[in-house]
Amino acid sequence: MAIHPTAIVDRRAELDRGVEVGAYAIIEADARIGAGARLWPHAYVARYTTLGARCQVHPFAVVGHLPQDAKYRDAPSYAEIGDDTVIREHATIHRGTEPESRTIVGARCLLMSTAHVAHNCVVADDVVMANSALLAGHARVGPRAFLSGNCAVHQFTRIGELAMVSGGATVVGDVPPFVTVIGRAVVGLNVIGMRRAGVSAAERDEIRRAFQTLYRGHHAWRRAVAEVTARCQTAAGRRLAEFLRVPARRGFLRGMRPYGEPDAGESA
């Protein structure tokens, strides 16, 4: 274990073997730091935070600090970060608002500079959040999703597995798995991402047919969802159907018709 003499590590914090703590880094009481983790100079890990093995917290990143929520009443709540996740400069992750609640970031995630994960969010494994990507409170992000720079995700919104959100996008409704988002609309499928993730050709074909029904057909949204959920047979298709069956608190993100006009009928 290597702790720089200028670092401030509360004696009630728990540090596993091989942890490296850089100059002027701060670790508060009741924080738990996994084996082989590295806190770069000026990193800050707040109380009630758990960092998994081999995590990295880069300069001026803040992990597990108080939520930016007027309802917070200084009760114990938590932030949990999975193994091998990298949190880059000035990124922020806040702990839960309600007593005993949690903000969770999974394993092998990459949060680039100034990304923000608000209170009570759940971010699955292998998610990438590019520079200044923002998650509001209670948002949920599925495995291997990619959130590009400067995108903003509304509170209580879900983003599905392997979805890709473009730079500067505004996400105000649930984003189904495997799709791409530009601006305020679903515009296509993340075909390259699916191939890289090992989604089979049969699964991709089924997802493509489901996308056509949901975003290029002429049925009302609920009927389109019913058709998709009834006929999906592959593993990836069933995961899409499961996502669609969950009621969307803010509706599903609308699609985009030819020539760029939004289709309001797909927002509910």
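Keep in mind the model is a prediction, meaning the values are calculated, not measured.
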Exercise for the section: Measure the spacing between CG of Asp69 and OG of Ser77 and express it to the nearest 0.5 Å. Expected result: 10.0 Å
Handout entry: Within-4.5 Å side-chain heavy-atom neighbours: Val141 and Val122
Key = no
Practice task
Hey, could you give me the CG/CG distance between Leu39 and Leu51, rounded to the nearest 0.5 Å?
Solution key: 6.5 Å
Exercise for the section: Keeping the roles fixed (side chain from Gln56, backbone from Thr85), state whether a donor-acceptor pair exists under 3.5 Å. Expected result: no
Fill in the blank from the handout: Taking every heavy atom of Ala124 against every heavy atom of Cys109, the minimum-distance pair comes out as O-SG, 3.1 Å
Problem - Side chain Thr157, main chain Asp174, donor-acceptor under 3.5 Å - result: no
Exercise for the section: For the residue pair Ile93 and Val105, establish whether any side-chain heavy-atom pair is separated by less than 4.5 Å. Expected result: yes
Handout entry: Any donor-acceptor pair under 3.5 Å from Ser148 side chain to Val165 backbone
Key = yes
Practice task
Could you tell me whether Arg95 sits above the aromatic face of Tyr48, with NZ or CZ closer than 6.0 angstrom to the six-membered ring centre and within 45 degrees of the axis?
Solution key: no
Handout entry: Lys/Arg-Asp/Glu bridge criterion (N-O < 4.0 Å) met for Arg144, Asp126
Key = no
Problem - Any side-chain heavy-atom pair of Ile104 and Cys121 under 4.5 Å - result: no
Fill in the blank from the handout: Looking only at heavy atoms, the pair that brings Val19 and Val21 closest together is CG1-CG2, 3.9 Å
Handout entry: Note, Met112 side chain near Met129 side chain (heavy atom, < 4.5 Å)
Key = no
Practice task
Any chance you could lay out the side-chain contact (heavy atoms from CB on, under 4.5 Å) test for Tyr72 and Leu66, step after step, and finish with the verdict?
Solution key: CA-CA 8 Å; Tyr72 180 67; Leu66 306 181; 3.7 Å; yes
Handout entry: Exercise: do Thr114 and Ser132 side chains pair donor with acceptor under 3.5 Å
Key = yes
Exercise for the section: State, without any angle test, whether Thr103 and Asn120 hold a side-chain donor-acceptor pair at a distance under 3.5 Å. Expected result: no
Handout entry: Option from His138, His94, His65 for which ring pair (Phe, Tyr, Trp, His ring centres under 6.0 Å) with His119 holds
Key = His138
Problem - Same cluster (ILVMFWY, side-chain, under 4.5 Å), Val191 and Val179 - result: yes
Practice task
Determine whether Val181 and Ser166 make a side-chain contact, defined as any pair of heavy atoms from C-beta on separated by less than 4.5 Å.
Solution key: no
Problem - Main-chain N/O of Ala70 paired to Arg73 side chain as donor or acceptor, under 3.5 Å - result: yes
Problem - Nearest-0.5 Å distance, CG of residue Asp205 to OG1 of residue Thr234 - result: 9.5 Å
Handout entry: Heavy-atom pair of closest approach, residues Gly52 and Asp83
Key = CA-OD1, 3.3 Å
Exercise for the section: Sort and list the pairs that fulfil side-chain hydrogen bond (donor to acceptor under 3.5 Å, both in side chains) and have at least one residue in residues 21-34, not counting sequence neighbours. Expected result: Glu28-Tyr44, Asp30-Arg47
Exercise for the section: Indicate yes or no: does Glu242 engage Arg238 in a salt bridge with an N to O separation below 4.0 Å. Expected result: no
Exercise for the section: Test Gln212 against Arg209 for side-chain contact (heavy atoms from CB on, under 4.5 Å), laying out the working first. Expected result: CA-CA 5 Å; Gln212 292 294 327; Arg209 291 192 297 271; 5.7 Å; no
Problem - Arg223 charged N/C atom sitting above Trp221 aromatic ring, 6.0 Å / 45° - result: no
Practice task
Would you name the heavy atoms of Gly160 and Ala145 that are closest together and state the gap between them?
Solution key: O-CB, 3.8 Å
Completion exercise
Given the options Leu111, Leu135, Val128, Leu147 meets side-chain contact (heavy atoms from CB on, under 4.5 Å) only with Leu135
Handout entry: Crowding at CZ, Arg184 (>12 non-hydrogen neighbours, <6.0 Å)
Key = no
Exercise for the section: Among Met194, Arg208, Arg204, find the residue that satisfies the side-chain contact (heavy atoms from CB on, under 4.5 Å) test when tested with Phe178. Expected result: Met194
Completion exercise
One should read off an interatomic distance between Ile207 CD1 and Cys232 SG, to the nearest 0.5 angstrom, of 6.0 Å
Fill in the blank from the handout: Smallest heavy-atom separation, Glu203 atom then Ala235 atom, equals OE2-CB, 3.5 Å
Problem - Contact check, side chains of Val63 and Ile81, non-hydrogen atoms, under 4.5 Å - result: yes
Practice task
Is it possible for you to say whether Leu134 and Phe156 belong to one hydrophobic cluster, with membership spreading through side-chain heavy-atom contacts below 4.5 Å?
Solution key: no
Problem - Sidechain-backbone polar pair: Arg158 side chain, Phe252 backbone, donor-acceptor under 3.5 Å - result: no
Handout entry: Test item: Ile27 and Asp10 side chains (from C-beta on) under 4.5 Å apart, heavy atoms
Key = no
Handout entry: Smallest separation among heavy atoms of Ala115 and Ala130, with atom names
Key = CB-O, 4.0 Å
Exercise for the section: Carefully, step by step, assess Trp40 and Glu89 under the rule side-chain contact (heavy atoms from CB on, under 4.5 Å). Expected result: CA-CA 9 Å; Trp40 291 70; Glu89 301 88 335; over 6 Å; no
Problem - Rounded distance (nearest 0.5 Å) linking atom CG of Leu110 with atom CG of Asp84 - result: 12.0 Å
Practice task
Taking the side chain as every heavy atom from C-beta outward, state whether Val86 and His58 have any pair of such atoms under 4.5 Å apart.
Solution key: yes
Practice task
Before giving the answer on side-chain contact (heavy atoms from CB on, under 4.5 Å), spell out for Val9 and Ile3 the whole-Å C-alpha distance, their side-chain angles and the decisive distance to 0.1 Å.
Solution key: CA-CA 9 Å; Val9 180; Ile3 301 176; 4.0 Å; yes
Practice task
Using only heavy-atom distances, determine whether the side chains of Glu80 and Thr50 contain a donor-acceptor pair under 3.5 Å.
Solution key: no
Handout entry: ILVMFWY cluster, Val172 and Val153 together (side-chain gap under 4.5 Å)
Key = yes
Problem - Path from Tyr215 to Leu189 over hydrophobic side-chain contacts below 4.5 Å - result: yes
Practice task
For the pair Arg231 (side chain) and Thr229 (backbone), establish whether a donor and an acceptor sit closer than 3.5 Å, ignoring hydrogens and angles.
Solution key: no
Exercise for the section: Say whether Phe146 and Val186 are linked into one hydrophobic cluster, either directly or through other cluster members, by side-chain heavy-atom distances under 4.5 angstrom. Expected result: no
Practice task
Drop me the distance from Asn190's CG to Leu162's CG, to the nearest 0.5 angstrom.
Solution key: 6.0 Å
